[in-house]
2 protein chains.
Amino acid sequence: MVTNFDKKNFIKNFKANCKKIQVKNFIKGETVTTYIEKRNQICIVLSGEVDLIRYDFNGNKTIIGHFVENDIFGEVFYPANTNNELFVTAIKKSEILFFSYDTLFEKCEYECVFHKELINNLSELFIDEIIDLNLRIELLTKRSIREKLLSYFEILSKSSMNKVFNIPYTYTDLADYFSVDRSSLMREIKMLTDEGFIKKEGTKITLLY
Amino acid sequence: MVTNFDKKNFIKNFKANCKKIQVKNFIKGETVTTYIEKRNQICIVLSGEVDLIRYDFNGNKTIIGHFVENDIFGEVFYPANTNNELFVTAIKKSEILFFSYDTLFEKCEYECVFHKELINNLSELFIDEIIDLNLRIELLTKRSIREKLLSYFEILSKSSMNKVFNIPYTYTDLADYFSVDRSSLMREIKMLTDEGFIKKEGTKITLLY
DNA sequence: TAAAATCTGTTGCAAATGCAACAATTTTAT
DNA sequence: ATAAAATTGTTGCATTTGCAACAGATTTTA
């Protein structure tokens with residue numbers, strides 16, 4: 001985090017105060033939204049988890065983004081001109097906040113002081129989102145599955161300040177996050193294990209170097 | 001763009017009005033900045049072009065980001081815990097605006113009305129950055145070089161509203177943008193040409209379908 | 001404008017990755 | 001609690017991609 005700003009508390013206030021927003025609940029499997037150009041929708045995950053899914057022309061599914069509590073997503077952030085069908089599905093029971101970016105900077109009917117604060121804090125959410133995306137790019141640009149894995153493990157290890165940590169995804173999802181074949185990912189993990197770089201128990205990984 | 005907001009004009013005003021910023025000039029090859037954790041620096045390209053470069057442990061160079069006029073970049077946007085050396089180099093004569101994100105929301109000593117506007121517009125810059133990053137991820141997650149090329153061509157074609165368009169990079173840089181081997185990229189382009197999908201004259205591409 | 005540097009185009013071969021398929025295990029839903 | 005669904009682990013083989021190397025073209029610099 002950039003500042004000491006309390007994201008969670010901000011979102012709670014946001015929800016309580018601003019009349020320009022909607023909050024909806026979704027059960028697992030439900031479609032939260034589809035990305036429709038020019039709607040300028042922004043969403044924030046209040047609880048639960050959602051995936052941003054792409055189906056390409058031959059029906060292949062790719063998870064483009066994975067959003068958890070306090071993450072921000074929406075069609076505003078997505079480039080136009082990519083002719084993919086994009087939609088967001090709840091992968092567990094989720095509570096999502098919706099608003100239109102366009103109306104956000106309009107004067108609030110209650111002239112609330114809250115608005116200025118809100119806009120400031122929105123920047124923090126944006127920055128967090130940019131950081132997440134840069135992290136993903138950092139990994140995606142690594143040239144081999146091995147390099148991707150080692151970089152990713154490095155990050156997990158550093159952020160938990162421990163040589164032992166848990167991968168927060170299933171291996172199936174991790175393969176998708178790296179955009180590589182699952183069996184190739186498993187093979188590489190096996191090699192890293194056999195070569196003594198890591199120890200693996202389920203999704204619990206221990207760095208041995 | 002999300003709104004009718006005039007980014008260029010905003011930056012000009014920003015430069016003229018706000019005392020919390022610095023503007024510096026760089027010649028080709030000069031280092032603009034290095035990413036140092038916790039400095040919370042944000043930069044905007046006023047003119048010219050800069051590359052965000054990563055050198056990994058075995059000295060391989062990767063262009064992580066390419067920023068042109070009005071693009072925003074900086075250490076604030078970059079995940080901590082990645083132990084890479086990151087720095088930004090001017091690839092041509094460039095004028096760069098610097099400020100610290102932390103001081104941005106502090107009261108301006110001149111109490112300028114400009115500040116509120118500035119913060120609003122900063123969001124637009126952030127959103128543009130997020131869109132760029134999502135576009136890059138969209139391409140990076142395509143599973144083959146062929147798919148990457150076709151998606152990219154599709155985007156260039158749509159945004160120029162023409163079957164004929166120019167790739168705004170050298171092929172060397174394009175390979176790096178896709179994070180693939182240059183000769184493999186050239187090979188795939190040759191195959192697309194031979195199979196009659198595209199016509200190629202230098203970096204000018206014509207879609208034949 | 002000549003020399004240096006970079007970029008393009010190409011290839012053969014090696015290495016990495018993807019694909020398909022399946023059994024075993026674990027998780028989720030009824 | 002049990003059936004259904006999803007995930008894991010594995011392999012052989014096909015395909016894609018990377019690597020190295022080089023000559024020719026183009027661009028940049030002095």
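The chains referred to below are lettered A, B, ... by the order of the sequence lines, with proteins before strands, and numbering in each begins at 1.
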Task: Between A:S151 and A:K142: side-chain donor-acceptor atoms closer than 3.5 Å - done: yes

Open item on the list: Is the distance from the ring center of B:F178 to that of B:Y152 below 6.0 Å?
Closed with: yes

Task: Value in whole Å for how far the P atom of D:dT10 lies from CG of A:L192 - done: 14 Å

TODO: Quickly work out the A:K142 NZ to D:dG18 P distance and round it to whole Å.
DONE: 16 Å

TODO: Just call it for B:K148: base, sugar-phosphate, or nothing, with non-hydrogen atoms closer than 4.0 Å on any strand.
DONE: nothing

TODO: Would you tell me if any nitrogen or oxygen in the side chain of B:T172 comes within less than 4.0 Å of OP1 or OP2 on C:dT8?
DONE: yes

Task: Candidates C:dC19, D:dG18, D:dT7 - which lies nearest the side chain of A:T170 - done: D:dT7

Task: Which residue lies more 5' along DNA chain C, comparing B:D173 with A:L185 via nearest heavy atoms - done: B:D173

Task: Pair B:D194 + B:K190: basic N to acidic O under 4.0 Å - done: yes

Open item on the list: Please report the distance, rounded to the nearest Å, between NZ in A:K190 and P in C:dA16.
Closed with: 16 Å

TODO: Name the nucleic acid region contacted by A:R146, choosing base, sugar-phosphate or nothing; use a 4.0 angstrom heavy-atom cut-off, strictly under.
DONE: nothing

Open item on the list: Each nucleotide in nucleotides 21-30 of chain D should get exactly one letter: B, S or -. Can you fill that in based on protein heavy atoms under 4.0 Å?
Closed with: -------SS-

Open item on the list: Between B:S183 and B:D181, is there a side-chain donor-acceptor contact under 3.5 Å, judged purely by atom types and distance?
Closed with: yes

Task: NZ/NE/NH1/NH2 to OD/OE distance under 4.0 Å, A:D176 and A:R54 - done: no

Open item on the list: Without decimals, in angstroms, what is the distance between A:D176 CG and D:dA6 C1'?
Closed with: 15 Å

Open item on the list: Looking only at the side chain of A:E188 (C-beta and beyond, no hydrogens), which of the listed nucleotides D:dG9, C:dT8, C:dT17 gets closest?
Closed with: C:dT17

TODO: Determine whether the aromatic ring centres of A:Y169 and A:Y177 lie less than 6.0 Å apart.
DONE: yes

Task: Residue A:D181, side-chain heavy atoms: nucleotide from C:dG18, C:dT11, D:dT8 that is nearest - done: C:dG18

- [ ] State whether A:K200 places a side-chain N or O below 4.0 Å from either non-bridging phosphate oxygen (OP1 or OP2) of D:dT8.
- [x] no

Task: End-to-end axis angle, where each axis spans five pairs of the helix from C:dT1-D:dA30 to C:dT30-D:dA1, to 10° - done: 80°

Open item on the list: Please identify which of these residues, A:K24, A:Q41, A:E75, meets the side chain to side chain donor-acceptor pair (under 3.5 Å) condition with A:T33.
Closed with: A:Q41

Open item on the list: Output the rounded distance in Å from CD1 (B:I189) to P (D:dT17).
Closed with: 13 Å

- [ ] For the pair A:R136 (side chain) and A:I64 (backbone), establish whether a donor and an acceptor sit closer than 3.5 Å, ignoring hydrogens and angles.
- [x] yes

Open item on the list: What contact category does B:S144 fall into here, base, sugar-phosphate, or nothing, at under 4.0 angstrom with non-hydrogen atoms?
Closed with: sugar-phosphate

TODO: Round to a whole Å and report the spacing from CZ of A:F178 to P of C:dA16.
DONE: 17 Å

TODO: Starting from C1' on C:dT28, measure out to NZ on A:K93 and report it in whole angstrom.
DONE: 17 Å

Task: Rounded distance in Å - CE (A:M186) to P (D:dT10) - done: 7 Å

Open item on the list: Counting neighbours of NZ on A:K163 that are heavy atoms of other residues, nucleotides or ligands and sit closer than 6.0 Å, is the number greater than 12?
Closed with: yes

TODO: To the nearest 0.5 angstrom, please state how far the CD atom of B:E129 sits from the CZ atom of A:F77.
DONE: 12.5 Å

